[in-house]
Engineer: 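Just dropping this structure here.
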Number of protein chains: 2
Amino acid sequence: MTVSRALNNPKIVRAETVNKVMEAVRATGYIPNMLAGGLASRRSKLIAVVVPQINNNMFVDTIQAISDELAARGYHMLLCVAGDTNESEAEIVATLLSRRPDGIVLTGIHHTPELKRLLLNATIPIVEIWDLTPTPLDMLVGFSHESIGNAIGHYLLGKGHSRFGLVWTEDARAGLRKKGIYDVIQKQQGSHAREAIVPWPATLALGRQGLSDLLANGEDFDAIICSSDTLAQGVMIEAAARGLAVPKTLAVMGFGDLDFAAHCTPSITTVRVDRWKIGTDAAAMLAEKIEGKSVPSPIVDIGFSLIERESA
Amino acid sequence: MTVSRALNNPKIVRAETVNKVMEAVRATGYIPNMLAGGLASRRSKLIAVVVPQINNNMFVDTIQAISDELAARGYHMLLCVAGDTNESEAEIVATLLSRRPDGIVLTGIHHTPELKRLLLNATIPIVEIWDLTPTPLDMLVGFSHESIGNAIGHYLLGKGHSRFGLVWTEDARAGLRKKGIYDVIQKQQGSHAREAIVPWPATLALGRQGLSDLLANGEDFDAIICSSDTLAQGVMIEAAARGLAVPKTLAVMGFGDLDFAAHCTPSITTVRVDRWKIGTDAAAMLAEKIEGKSVPSPIVDIGFSLIERESA
DNA sequence: TTGTAAGCGTTATCAG
DNA sequence: CTGATAACGCTTACAA
């Protein structure tokens, strides 16, 4: 017991005793066993993070930020890939719970009813990220995809565009942004939109393909809206190959403000969200709540900004 | 005990009993406690993965592959960021060991002596990745950065280049590739090289900056070699801004074969390594060894291929 | 400031 | 095929 105290809370142990313990630790190569510690204390110092995908330009910065913030606070991160369906997420979280994490980060706000029950039953702090709702399971850090869609719609209508093509992936959150766009442009007389749906995750090749598909029927577009900057860049590459001037003939709009968006030629008009802040805030809120501090605002809308550049 | 068996190895329990157990599990909302299980069985079903950085175009595909392979085999992944110094890695792995992972994936082959001792003492399976050595701590999946450097050097000399500029980050593995390049080009009469060192991780802006720095002294180059495709793209953007024709005036060479490399204009000549295979193999080898199967070849060189495109 | 006893929720082992 | 018992290595709660 004295060793346990010397290691975890040396202040309450006589300095001389602490030294003796440390010496013994060195001499024997002792490594604490957090499985045993977690079992006894019911605190695992483990945070489970569930994302649809790791190698994704969007989530990866958030994951990095979570990891950094957690490490600084003495937690480890259990990272799980859930794919893009609620069912796979539910299955994965169920097994995750057997690790007795002190908290969970979930991507998105849509979960199966069973998962919700499971999670609320477990009574551990939860942060949902990358989306927005007034009724999260527990806490939330994100932004409104519909608002972003609205902003994109207004922006492009304001520029006088009316013949829209969407190059879009079908993941849950992209769907919300699309809805936001349609809500705005369908109110505008004479505007219309066509879609090229591409698989998720997005690549440049899929962007090129998307534009090709849109143009295949001989239809005419004045603005292409993409569900990510990667697709937008692909669209611009295809446009260049076809001799379509961007933005003169064809405006192109992205989402994400990835590194290359500012440096492409033409640079990509897009929507920026602070992906790092999502992670930092989520981790911090979780840690605070775990440690019994009150979290004043459990719902954080980090907002977004539309970045006007050359492509639209 | 019967419950434990019914859950973990139902075959050895009477079907009727298994059903009774499952029913009770459902009725009570029972969730197993793997902390207790791991403590008792000395198997945590946990793999620790240590990378210098998560939000890195190179490692992220490997991490995804590790995660996928581990999930398929019933393991969870503890993901830790170690930065680019051996000291921070040692510190992080030391705390990681207290989770009693069944195996560890380490990025790189250079570790502090204390860490090596710690790891060998722990006698758990280890895979080092993203580098090559005949003497890994345990197992290894990677490739030779020096060989890649050699290949780049030979390729560019073969194209008749002799005035080299390097836009380079200073991480450990990039340093090896640089050495490989110098070993080749310094043997060539009349060739010379200058370097622009940029911080890690690489961005397009740093690539642009790198080329600007190289050109600042009025020196003349016929080939720019970059430690990553991202830098190469940045260099090409800067070259375009300065009216330097790529590859006519200036050849540009990257590393990684990231998605955009094939789609840039001009497309980027680069070196491809199978980042996914590194992860899949590493996870598979670890799992096999943990489960007592023999791993016939503990050192896997996944090789590389130089992809000739337009930029060089 | 340090020590004692009990227990955290599993699994290994052996017995039936 | 099922059950009893004793760990696993720590922390809580209380005592000294």
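In the text below, chain A, chain B and the rest are named by the order of the sequence lines, each starting its count at 1.
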Engineer: With a cut-off of less than 4.0 Å, is there a side-chain N or O of A:Arg42 near OP1 or OP2 of D:dC10?
Structural biologist: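 No, A:Arg42 has no side-chain N/O under 4.0 Å of OP1/OP2 on D:dC10.
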Engineer: Side chain of A:Arg14 only, please: which of D:dC8, C:dT2, D:dT11 is the nearest?
Structural biologist: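 Closest nucleotide to the A:Arg14 side chain: C:dT2.
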Engineer: Need to verify one output field. Residue with the more 5' nearest nucleotide on DNA chain D, B:Thr17 or B:Ala40?
Structural biologist: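 First, find each residue's nearest nucleotide; the 5'-ward one identifies B:Thr17.
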Engineer: Just how far, in rounded Å, is C1' of D:dG9 from CG of A:Asn8?
Structural biologist: 13 Å
Engineer: For B:Glu288, enumerate each residue passing the salt bridge (charged side-chain N to carboxylate O under 4.0 Å, His left out) test, keeping only those at least two apart in sequence or located in another chain.
Structural biologist: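 B:Glu288 satisfies salt bridge (charged side-chain N to carboxylate O under 4.0 Å, His left out) with B:Arg73 only.
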Engineer: Once you round it to whole Å, what is the distance between P of C:dC8 and CG of A:Leu35?
Structural biologist: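 The distance from CG of A:Leu35 to P of C:dC8 comes to 18 Å, rounded to the nearest Å.
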Engineer: With respect to the phosphate group of C:dG3, does any side-chain polar atom (N or O) of A:Thr2 fall under 4.0 Å of OP1 or OP2?
Structural biologist: yes
Engineer: Of the nucleotides C:dT1, C:dC8, C:dT10, which one has an atom closest to the side chain of B:Tyr30?
Structural biologist: C:dT10
Engineer: Has the side chain of A:Arg100 got a donor or acceptor that lies under 3.5 Å from a partner of the other kind on the base of C:dG9?
Structural biologist: no
Engineer: Applying side chain to side chain contact (heavy atoms under 4.5 Å, CB included) between B:Val60 and each of A:Asn55, A:Asn56, A:Asn57, report the one that passes.
Structural biologist: A:Asn55
Engineer: Report the distance from atom CE of B:Met34 to atom C1' of C:dG9, rounded to the nearest whole Å.
Structural biologist: 13 Å
Engineer: Can you tell me if the side-chain N/O atoms of B:Arg43 get under 4.0 Å from OP1 or OP2 in C:dA12?
Structural biologist: yes
Engineer: Give the rounded distance in Å between these two atoms: CG of B:Asn9 and C1' of C:dA12.
Structural biologist: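 Taking atom C1' of C:dA12 as the reference, CG of B:Asn9 is at 14 Å.
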Engineer: Can you find a side chain N or O atom of B:Asn33 that sits less than 4.0 Å from OP1 or OP2 on C:dC8?
Structural biologist: no
Engineer: Please report the interatomic distance CZ(A:Arg100) to OG(A:Ser41), rounded to the nearest 0.5 Å.
Structural biologist: 12.5 Å
Engineer: Could you check whether any side-chain N or O of B:Ser44 sits under 3.5 Å from a backbone N or O of B:Gly38, counting only pairs where one atom can act as donor and the other as acceptor?
Structural biologist: no
Engineer: B:Ala15 or B:Ser41: which one's nearest nucleotide on DNA chain D is closer to the 5' end?
Structural biologist: B:Ala15
Engineer: Over how many whole Å does the gap from B:Leu7 atom CG to D:dT2 atom P extend?
Structural biologist: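 Nearest whole value for this atom pair: 14 Å.
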Engineer: Could you please name the option among D:dG3, C:dG9, C:dT2 that lies closest to any side-chain atom of A:Arg5?
Structural biologist: C:dT2
Engineer: Using whole Å, what does the distance between atom P of nucleotide D:dG3 and atom CE of B:Met1 come to?
Structural biologist: 11 Å
Engineer: Can you check the A:Lys20 NZ to C:dT2 C1' distance for me, whole Å?
Structural biologist: 11 Å
Engineer: Can you measure B:Leu39 atom CG to C:dG9 atom C1' for me and round it to whole angstrom units?
Structural biologist: 9 Å
Engineer: Surrounding CD of A:Glu170 (heavy atoms of other residues, nucleotides or ligands, distance under 6.0 Å), is the total greater than 12?
Structural biologist: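 No, CD of A:Glu170 has 12 or fewer neighbouring heavy atoms, counting only those of other groups under 6.0 Å.
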